[in-house]
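The model shown is predicted, which means the values in this text are computed figures rather than measured ones.
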Amino acid sequence: RSPHWVPAMAAVTPAAAVRGLWQLAGLPDDALEHLQLTGAEPALPSSFAVGTAAQATQAAAALAACEVGHVRGQERQTVSVDMREAAAECTSWFSLNGNEKEPWAKFSGLYKCAEDGHVRIHANFDHHCDGALRLLGLLPPDSEEAAKAAATSTITTTAAAAAGDALSKEDVTRALVAGGWRAEAFEQAAAERKLVVAALRSFEEWDAHPQAAALAAEQPHLFTIEPLSDQSSSPAPPLPLPPLSSSERPLTGLRVLDLTRILAGPVGGRTLAAYGADVMLVNSPSLPNIPSIAETSRGKLSVHLDLHQDSDRSAFEKLVAGSHVFVQGYRPGGLSALGYSPQALARMRPGIVVVTLTAYGSVGPWAGRRGFDSLVQTATGFNDAEGQAYAHYCGSNTEKADPRALPVQILDHATGFLIAMTVAAAVRRQQLEGGSWHVQLSLAQTGRWVRSLGRIGNSGFAAAPLKPQDFAEEYTDSAFGKLVAVRHAARMSRTPPLWTRPSMPPGSHPPEWPT
């Protein structure tokens, strides 16, 4: 088990955290003189430095974007980020037409298993929910054809929906315990069925896991920015960007294809759009989305393309040929199987920056495993450690402490801001050196970095209440309805971040770059 007592300790300061990110990205140290950070931990009720993680990644993203502006001829400008504002942005709070959306589906959550273990089931998508219930014997087996159809449907079949409505979370717990399911056995069985489940582990158990060992040995850094070969005889020249005036946002004219879903990738694209980039979200017309797409689509173009159809592939490849950046967060190997590996993209568009986002990294036995923030928190030890710390803070029996999630999905949000930072760092290098570039990040690596920031102690649970509504603004032009969402925390002294395009549903725009 994790230690029962977590004393206040010398956690990494936000400034030191930014400096570490900056140096890993190979960015110039003198730019850090233009950064102002305010506020202090605890920003949110946690024993972890979640406020520091939020503030440092947002500050690094904004300052890196300004460095792109600098190599394009702009004078440097001051970037400022307040910790509580940064933490508020990581809540992903929003409302539509005055209604707040419930972030979790009925069966998403943590469940007890046989032998005192726990698993977290992610059931926000209907096909993941139905698959988990079928695995437990709570829904009847489905045919292979029906299962494939469910995986690409935006609605659940009437029969499955009716059966699911009659079930409760208590039924899931009983099925896990009565079925003798040990946590790791259910996790593995779910993974074999392409479902999304994580067994609860302590930090010590995760550190001993083969996937953690593979990451430590083969991908020890938080992220990588590496040259990407397009098999040509010489590196691609710097890709042209339009002239930039002193009053324009630093990423103006940068074209970004955003092939991501759920949270980390969409946050990265939304951030790049705030700094001036033309971000085009590409969705399949056959895949479902979750309500947060209304919030994360601020500033983006949004198109529908089916990459299994020849006509849509042709349109897509024209978009690639006119882009500077390609960000993808689909299941590992999914786009490569369609002919859009990083190397293939570099051949289509020499000089492109390709970003690959995964849950557990691109090496090791879990390289192909699906996952989301809540699952990675559970699998890698955070829920166990936070539960132990909170029990001690409350004076409870830590031997029977309930697992506890972090107060925000910090792995998703920090990774999203790191996507924006590394895109800017790679674009800067492309402008200075030419060549194509490959950026790799994962939620698990971000988790390891959050651990490295240290613990702020059990007293962190006494953080002053934070109401994200106090940091929100209204977007009346959203096609989803009247959108109220948390504003971006980073400030730029000369070119304030903003979203000039309203949030639009998938498929609202033609698959063409604006002229």
Name of the residue among Asp373, Ile290, Thr296 meeting side-chain contact (heavy atoms from CB on, under 4.5 Å) with Leu263: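 With Leu263 as partner, side-chain contact (heavy atoms from CB on, under 4.5 Å) holds for just one option, Thr296.
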Ring pair (Phe, Tyr, Trp, His ring centres under 6.0 Å) contacts touching residues 410-437 (sequence neighbours left out):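 Residue pairs with at least one partner in residues 410-437: there are none.
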CA sep, side-chain torsions, deciding dist, call: Met421, Thr271, side chain to side chain contact (heavy atoms under 4.5 Å, CB included): CA-CA 9 Å; Met421 179 216 181; Thr271 304; over 6 Å; no
So how far is it from [X] [atom1] to [Y] [atom2], rounded to the nearest 0.5 Å?
X: Leu441; Y: His221; atom1: CG; atom2: NE2; value: 13.5 Å
X: Thr446; Y: Arg451; atom1: OG1; atom2: CZ; value: 13.5 Å
X: Ile293; Y: Leu281; atom1: CD1; atom2: CG; value: 5.5 Å
X: Arg255; Y: Ile352; atom1: CZ; atom2: CD1; value: 12.0 Å
X: Glu85; Y: Thr38; atom1: CD; atom2: OG1; value: 7.5 Å
X: Leu200; Y: Leu375; atom1: CG; atom2: CG; value: 12.0 Å

Test side chain to side chain contact (heavy atoms under 4.5 Å, CB included) applied to Leu24 and Leu222, step by step: CA-CA 8 Å; Leu24 181 59; Leu222 171 58; 3.9 Å; yes
Asn124/Ser108 under side-chain hydrogen bond (donor to acceptor under 3.5 Å, both in side chains): CA gap, chis, key distance, verdict: CA-CA 7 Å; Asn124 278 21; Ser108 289; 2.8 Å; yes
Is there side-chain contact between [X] and [Y], with heavy atoms separated by less than 4.5 Å?
X: Asp278; Y: Pro514; value: yes
X: Trp513; Y: Thr515; value: no
X: Val327; Y: Leu257; value: no
X: Val353; Y: Phe326; value: no

Whether the side chain of [X] engages the backbone of [Y] through a donor-acceptor N/O pair (distance < 3.5 Å, no angle test) should be reported.
X: Asp312; Y: Leu305; answer: no
X: Ser284; Y: Ser286; answer: yes
X: Gln431; Y: Leu239; answer: yes
X: Thr422; Y: Ile419; answer: yes
X: Arg494; Y: Ser246; answer: yes
X: Thr91; Y: Ala88; answer: yes
X: Arg313; Y: Leu307; answer: yes

Trace of the side chain to side chain contact (heavy atoms under 4.5 Å, CB included) decision for Leu254 with Leu241: CA-CA 7 Å; Leu254 188 75; Leu241 285 168; 4.1 Å; yes
Considering residues at least two apart in sequence or located in another chain, which fulfil the side-chain hydrogen bond (donor to acceptor under 3.5 Å, both in side chains) criterion with [X]?
X: Arg270; answer: Glu89, Glu295
X: Ser297; answer: none
X: Ser247; answer: Ser245
X: Arg369; answer: Gln188

Taking all non-hydrogen atoms of both residues into account, name the closest pair between [X] and [Y] and its distance.
X: Phe382; Y: Leu411; result: CE1-CD2, 4.5 Å
X: Val256; Y: Ala277; result: CG2-CB, 4.1 Å
X: Gly351; Y: Ala236; result: N-CB, 3.4 Å
X: Ala425; Y: Ile225; result: CB-CD1, 3.9 Å
X: Ala65; Y: Pro250; result: O-CB, 3.2 Å
X: Leu357; Y: Gly265; result: CD2-N, 3.8 Å

Reference residue Thr495; test side chain to side chain donor-acceptor pair (under 3.5 Å); the match among Arg249, Gln74, Gln77, Glu248: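 Answer after filtering Arg249, Gln74, Gln77, Glu248: Gln77.
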Counterpart residues, side-chain contact (heavy atoms from CB on, under 4.5 Å), relative to Arg193 (two or more places apart): Leu135, Ala189, Leu195
Contacts of Ala490 that satisfy side-chain contact (heavy atoms from CB on, under 4.5 Å) - sequence neighbours left out: Ala62, Val81, Tyr275, His488
Have [X] and [Y] got a donor and an acceptor in their side chains that come within less than 3.5 Å?
X: Thr52; Y: Glu41; result: yes
X: Ser374; Y: Gln377; result: no
X: Arg201; Y: Asn383; result: no

Stepwise side-chain hydrogen bond (donor to acceptor under 3.5 Å, both in side chains) check, Gln219 with Ser362: CA-CA 8 Å; Gln219 290 185 335; Ser362 59; 2.4 Å; yes
Sequence-distant partners of [X], ring pair (Phe, Tyr, Trp, His ring centres under 6.0 Å), two or more places apart:
X: Phe372; answer: His122
X: Tyr340; answer: Phe316
X: Trp499; answer: none

Heavy atoms from other residues, nucleotides or ligands near CD of Glu192 exceed 12 (cutoff 6.0 Å): yes
Residue pairs passing the side chain to side chain donor-acceptor pair (under 3.5 Å) test where at least one lies in residues 319-336, sequence neighbours excluded: none
Pairs involving residues 17-37, ordered by first then second residue, that meet side chain to side chain donor-acceptor pair (under 3.5 Å) (sequence neighbours left out): Asp30-Arg76
CA sep, side-chain torsions, deciding dist, call: Leu466, Arg84, side chain to side chain contact (heavy atoms under 4.5 Å, CB included): CA-CA 8 Å; Leu466 187 152; Arg84 279 179 68 81; 3.8 Å; yes
Sidechain N-carboxylate O distance under 4.0 Å for Asp258, Lys300: yes
Parallel, tilted or perpendicular: ring planes of Tyr360 versus Trp206, cut at 30 and 60 degrees: tilted
